Every structure is written in C-alpha cells, then in structure tokens.
Amino acid sequence: MSDRRQRIHELVLALLAQQKELELLAGDSNGLGGGDAGNWIERNRRVVQRYQALVRSAVTLDALVDQELGGGFQGPSAESEPG
C-alpha cells in the first residue's frame, strides 16, 4: 500500500471514529420491518453516499496537508495507482 493510500485510509478511520452513529448497509429489504424494496434501496443509497463523503473528505484533507508540507496540490484524479 502506498504511503498516500495509507494516510487516506487512516484519515477515513479517524473520520469514522468521530461519527455518532455508524450505519451499515442492510442485507435485504426484510430487515426494514416493512419489506418495501424501494425504501431499502434508498436507505442503502444514502448510507453509501455518506461513506463516499467521508472518503472524499479524507482525500481532501490529505491533499491539503501535502500542499502545506510543500508537496504541491494533487487532486484525487492525480493518483495513477491501481485499486
């Protein structure tokens, strides 16, 4: 794992630790009490968007720290390392 990726991973974990409630994806629509698939999909979509926002925040924080340390700004698309 690259140093940058490791830093972002640690930032994501720190941001997650600050969350008051940690929602997880629902495995199936039966776990919502009503079984409405539309509500299940919408809830999972909101959960995924929340995690995506945390990851984007971590990437942004890492880029800002890198910029402050003199490394120059490199946005998320500048990383060419495969998954």
Side-chain angles (χ1 to χ4, degrees):
M1 187 180 298
S2 73
D3 289 341
R4 181 172 188 266
R5 189 175 175 122
Q6 180 66 35
R7 286 191 316 262
I8 292 170
H9 178 80
E10 290 170 6
L11 283 167
V12 169
L13 291 177
L15 290 171
L16 284 170
Q18 291 184 338
Q19 301 301 301
K20 292 181 183 184
E21 281 189 36
L22 184 63
E23 288 187 85
L24 301 177
L25 293 175
D28 58 24
S29 61
N30 295 332
L32 292 180
D36 182 13
N39 289 336
W40 171 72
I41 290 171
E42 181 61 25
R43 181 195 173 278
N44 278 350
R45 185 187 65 78
R46 285 192 311 268
V47 170
V48 168
Q49 285 181 334
R50 186 170 181 183
Y51 283 104
Q52 287 172 329
L54 289 171
V55 171
R56 284 191 302 271
S57 295
V59 169
T60 301
L61 287 170
D62 181 68
L64 288 170
V65 168
D66 191 44
Q67 181 182 20
E68 287 295 316
L69 295 177
F73 181 75
Q74 295 180 350
S77 62
E79 185 174 322
S80 60
E81 180 180 312

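All of these numbers come straight from a predicted model, not from anything done at the bench. Side-chain atoms are counted along with the backbone in the values below, which use heavy atoms only and exclude waters and symmetry mates.
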Can you tell me how far apart [atom1] ([X]) and [atom2] ([Y]) are? Round to the nearest 0.5 Å.
X: E42; Y: D36; atom1: CD; atom2: CG; result: 11.0 Å
X: N39; Y: N44; atom1: CG; atom2: CG; result: 11.0 Å
X: L69; Y: L64; atom1: CG; atom2: CG; result: 11.0 Å

* To do: Might you point out which heavy atoms bring A58 and V12 nearest each other, and give the distance in Å?
  => CB-CG2, 3.5 Å

* **Nearest non-hydrogen partners of V59 and R4, listed with the distance** =>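 What the structure gives for the nearest pair is CG1-NH2, 3.8 Å.
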
* **Partner set under side chain to side chain contact (heavy atoms under 4.5 Å, CB included) for V48, not counting sequence neighbours** => L25, Q52

* Asked: Can you list the residues that meet the side chain to side chain contact (heavy atoms under 4.5 Å, CB included) rule with L54, with sequence neighbours excluded?
  ->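 Partners of L54 by the side chain to side chain contact (heavy atoms under 4.5 Å, CB included) criterion, ordered by chain and then number, come out as L15, L16, Q19, Y51.
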
* Is there any salt bridge (charged side-chain N to carboxylate O under 4.0 Å, His left out) pair reaching into residues 49-58, and which pairs are they, with sequence neighbours excluded? -> E23-R50

* Sequence-distant partners of Q6, side-chain hydrogen bond (donor to acceptor under 3.5 Å, both in side chains), two or more places apart -> E10

